[in-house]
Amino acid sequence: MARTRVRRELTIEQVQRWVATFLILAVSAFPLGALVAVIRSIVDDGRRSDGIMLLVVMAVIGIVALGAIRLVHRRPAFAPWILLGVLPAVVAGFCIL
């Protein structure tokens, strides 16, 4: 028995929210990628503590980005989901340090 899938039309406001979401992701992803390169070169120079501080900055940028996305979608900014913003910093920490 085949299920029929019901397509739901998106309103202009919903499309605007998703566009804003992708813009927030793009704007926050660029500094995260740049910080990974900077941390790599700093750690290679022997300044490990500076690299750790930049990892903290990466985590803050990720949390702020996810909080902003939640606000765009009219959800509370502070929720357990925003802790996923720390994930890029954790991955970079394991790969670089």
Side-chain angles (χ1 to χ4, degrees):
M1 185 169 168
R3 287 186 176 177
T4 58
R5 192 171 167 157
V6 178
R7 285 197 72 191
R8 189 175 59 128
E9 295 291 324
L10 293 176
T11 65
I12 291 177
E13 186 177 333
Q14 289 171 324
V15 172
Q16 289 173 340
R17 286 182 186 157
W18 281 106
V19 169
T21 297
F22 288 121
L23 285 173
I24 291 169
L25 284 174
V27 167
S28 63
F30 179 74
L32 292 178
L35 279 172
V36 169
V38 170
I39 292 169
R40 180 70 181 179
S41 66
I42 285 176
V43 170
D44 287 345
D45 289 342
R47 300 184 325 195
R48 191 178 190 104
S49 62
D50 294 338
I52 292 172
M53 287 303 296
L54 288 178
L55 283 173
V56 171
V57 171
M58 280 182 69
V60 169
I61 290 172
I63 289 172
V64 169
L66 287 183
I69 289 170
R70 289 190 54 83
L71 286 175
V72 165
H73 288 279
R74 296 187 179 171
R75 304 263 197 283
F78 300 107
W81 287 104
I82 66 169
L83 293 178
L84 288 176
V86 179
L87 192 61
V90 170
V91 171
F94 279 122
C95 293
I96 295 173
L97 299 177

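Starting from 1, each residue takes its place in the sequence as its number.
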> Running the 4.5 Å side-chain criterion over Ile, Leu, Val, Met, Phe, Trp and Tyr, what cluster does M53 land in, apart from itself?
none
> Count I, L, V, M, F, W, Y as connected when their side-chain heavy atoms are under 4.5 Å apart, and connections chain through other members. Are F30 and V64 then in the same cluster?
no
> Which pairs pass salt bridge (Lys or Arg N to Asp or Glu O under 4.0 Å) with one or both residues in residues 81-94, sequence neighbours excluded?
none
> Which residues end up grouped with L23 if you chain together Ile, Leu, Val, Met, Phe, Trp and Tyr wherever their side-chain heavy atoms are less than 4.5 Å apart?
L10, V15, V19
> Considering only residues two or more places apart or on different chains, which pairs with a residue in residues 16-27 satisfy salt bridge (Lys or Arg N to Asp or Glu O under 4.0 Å)?
E13-R17
> What residues, two or more places apart in sequence or in another chain, satisfy side chain to side chain donor-acceptor pair (under 3.5 Å) together with R8?
none
> Are I42 and V57 connected, step by step, through hydrophobic side chains (Ile, Leu, Val, Met, Phe, Trp, Tyr) whose heavy atoms are closer than 4.5 Å?
yes
> Please round to the nearest 0.5 Å and tell me the distance separating atom CD1 of I69 and atom CH2 of W18.
9.0 Å
> Apply the hydrophobic cluster definition, ILVMFWY joined by side-chain contacts under 4.5 Å directly or through others, and give me every member besides V91.
L87
> Should I96 and L32 be counted in the same cluster of Ile, Leu, Val, Met, Phe, Trp and Tyr side chains packed under 4.5 Å apart?
yes
> Considering only residues two or more places apart or on different chains, which pairs with a residue in residues 75-97 satisfy salt bridge (Lys or Arg N to Asp or Glu O under 4.0 Å)?
none
> If you compare all heavy atoms of L55 against all heavy atoms of A92, which two are closest, and at what distance to 0.1 Å?
CD2-CB, 3.9 Å
> Check the hydrophobic clustering (I, L, V, M, F, W, Y; side-chain heavy atoms under 4.5 Å; chains of links allowed) and say if V60 and L66 are grouped together.
no
> Pairs in or reaching into residues 45-69: which pass salt bridge (Lys or Arg N to Asp or Glu O under 4.0 Å), with residues at least two apart or in two chains?
R47-D50
> For W81, what residues pass the ring pair (Phe, Tyr, Trp, His ring centres under 6.0 Å) criterion, not counting sequence neighbours?
none
> With sequence neighbours excluded, give me every side-chain hydrogen bond (donor to acceptor under 3.5 Å, both in side chains) pair touching residues 58-73.
T21-H73
> So which atom in A89 and which in A59 form the shortest heavy-atom distance, rounded to 0.1 Å?
CB-N, 3.8 Å
> Tracing side-chain links under 4.5 Å among I, L, V, M, F, W and Y, which residues wind up in one group with L71?
none
> Is it the case that one hydrophobic cluster holds both I82 and I61, taking links as side-chain heavy atoms less than 4.5 Å apart, direct or via other members?
no
> What residues form a side chain to side chain contact (heavy atoms under 4.5 Å, CB included) with V90, not counting sequence neighbours?
V86, F94
> In a check of side chain to side chain contact (heavy atoms under 4.5 Å, CB included) between I39 and each of D44, L54, I52, which one passes?
L54
